[in-house]
Amino acid sequence: MAINRDIAVAGIFGDPVGHSKSPAMHNAAYAALGMSRTYAAFRVTPGNLAPALRAIPALGIIGVNLTVPHKEAAARLIKDLSGEAGMLGAVNCVVNRRGVLRGDNTDARGLERDLRDLGCELRARLAVVIGAGGGAASSVLACIRLGASRVVIANRTPARAAALARRFSAKGARAAGEPSGLDALMDSELLADARLIINATSMGLTTGRFARLDYDSTPADCLFYDLIYSREPTEFMKPALAAGRHAADGAGMLINQGELAFKLFNRVAPPAGVMRAALFDALGRTLSAR
Ligand code: NAP
């Protein structure tokens with residue numbers, strides 16, 4: 001496709017951004033719909049986030065996704081936030097509405113939809129969220145929406161888990177979150193009640209190994225969900241699968257948040273399955289694998 005003035009541009013800001021699969025997913029949807037639009041990756045350093053956001057209306061960019069390390073900073077820079085972006089204190093989606101920027105967040109809805117697709121019924125059950133950053137905040141919100149009666153937030157730095165729990169209780173959320181250290185992952189009594197355990201840290205990706213976790217104490221219906229996604233099962237998932245538990249990675253969440261963002265940018269939904277096929281192709285994964 002020739003890039004000229006008739007082409008509308010969407011994109012993603014991040015640093016680093018080269019690893020992002022979003023361009024492959026969005027451009028596959030544009031091609032499937034025959035739209036004269038393109039989606040580009042922009043490496044934007046933290047110091048350049050404010051001018052880059054100001055450039056969106058100036059250049060007529062239709063919208064951008066935000067990835068590491070910009071989600072929280074953008075929530076402080078953009079005035080018009082959706083209720084969800086305000087609650088999470090993070091923006092992953094900026095929409096250019098006739099020159100005015102609107103910050104939204106599709107991560108929690110993306111995860112919630114994937115957990116529903118996986119048949120994860122949380123009503124009156126316990127969920128454990130590992131981590132206390134942006135991904136963990138989206139995970140806690142998804143668990144609350146799925147009806148969890150308890151959400152334990154286990155983090156290396158317990159003070160950050162406490163701050164995240166306070167944010168939800170200040171917003172009046174039911175089952176706001178019980179902060180804890182990573183020692184909760186070896187608490188066999190607690191884990192015996194867990195219906196869902198979510199990894200919302202980079203452990204396994206950056207460290208090679210996951211923290212000590214008592215997989216065998218979890219009930220047979222416990223789902224292990226890793227926000228990290230890759231070609232093969234992750235370090236967090238492998239012992240769960242070996243113990244006969246269900247496990248899934250974050251590919252489904254990424255696809256869902258991408259489909260929701262595409263609709264916000266373009267006011268039309270991407271054709272079913274196109275973003276999934278593009279992501280799996282980029283990961284070198286077969287479509288029969290979940
Ligand atoms: P973040 O805000 O930087 O938070 C990182 C979290 O990881 C913190 O809780 C941190 O603990 C913990 N952590 C980092 N290194 C650790 C270590 N060596 N040992 C123990 N804990 C460690 O990151 P984020 O944006 O939430 O992202 C977290 C992960 O989720 C990333 O891998 C990201 O790619 C993934 N993610 C996936 C999707 C998706 O669509 N699938 C969406 C969002 C995020 P401290 O507080 O103690 O530092």
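Whatever order the structure lists them in is the order used to number ligands and atoms, beginning at 1. All residue numbers in this chain count up from 1 along the given sequence.
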## Note on the structure
The atoms of ligand 1 lying under 4.0 Å from a heavy atom of G133, numbered in the order shown, are 2 (O), 4 (O), 9 (O), 26 (O)
### Message
Is it the case that the side chains of R37 and N266 hold a donor-acceptor pair, with the cut-off being a distance below 3.5 Å and no angle test?
### Response
yes
### Task
Enumerate the atoms of ligand 1 whose separation from the nearest heavy atom of L254 is less than 4.0 angstrom.
40 (O)
### Query
Which ligand 1 atoms are under 4.0 Å away from a heavy-atom of G131?
9 (O)
### Query
Short N/O distance, under 3.5 Å, between D107 and ligand 1?
no
### Query
Against heavy atoms of G135, which atoms of ligand 1 measure under 4.0 Å?
24 (P), 25 (O), 26 (O)
#### Entry: Numbering as shown, the atoms of ligand 1 that approach A132 to under 4.0 Å (heavy-atom distance)
9 (O)
### Task
Check the side chains of D107 and N92 for a donor-acceptor pair under 3.5 angstrom, ignoring hydrogens and angles.
yes
### Task
Please determine, by modelled atom types, if S149 and R125 share a side-chain donor-acceptor pair under 3.5 angstrom.
no
### Pairing of R116 and E112 as salt bridge, 4.0 angstrom limit
yes
### Query
Under a heavy-atom criterion of less than 4.0 Å, does V68 contact ligand 1?
no
### Message
I need the atoms of ligand 1 closer than 4.0 Å to a non-hydrogen atom of G134, numbered in the order shown.
### Response
2 (O), 26 (O)
### Task
Run the salt-bridge test on R209 and E235 with the 4.0 Å N-O cut-off and return the result as yes or no.
no
### Message
Donor-acceptor check, side chain of N256 to backbone of G252, threshold 3.5 angstrom: yes or no?
### Response
yes
### Task
Answer yes or no for atom 4 (O) of ligand 1: protein heavy atom present at a distance under 4.0 Å?
yes
### Query
Nearest protein heavy atom to atom 30 (O) of ligand 1: under 4.0 Å?
yes
#### Entry: Test item: R156 side-chain N/O and G181 main-chain N/O as donor-acceptor pair under 3.5 Å
no
### Query
Backbone, side chain, both or neither: what part of I228 comes under 4.0 angstrom of ligand 1, heavy atoms only?
side chain
### Query
Pick from N199, D226, D249: which one makes a side-chain hydrogen bond (donor to acceptor under 3.5 Å, both in side chains) with T234?
D226
### Query
Hey, does K71 sit under 4.0 Å from ligand 1 if you only count heavy atoms?
yes
### Query
Is it the side chain, the backbone, both or neither of N155 that has a heavy atom closer than 4.0 Å to ligand 1?
side chain
### Query
Just by distance, do the side chain of R245 and the backbone of P219 share a donor-acceptor pair under 3.5 Å?
yes
### Task
Determine, considering heavy atoms only, which of P158, G204, G181, S202 sits nearest to atom 15 (N) of ligand 1.
S202
## Note on the structure
Candidates N199, I255, L227; heavy atom nearest atom 41 (N) of ligand 1 found on L227
### Task
Give a yes or no on whether atom 43 (C) of ligand 1 lies under 4.0 Å from any heavy atom of the protein.
yes
### Query
Looking at atom 23 (O) of ligand 1, is any protein heavy atom nearer than 4.0 Å to it?
no
## Note on the structure
Logged contact type for A211 with ligand 1, heavy-atom cut-off 4.0 Å, is neither
### Contact bool for atom 48 (O) of ligand 1 (protein heavy atom, d < 4.0 Å)
yes
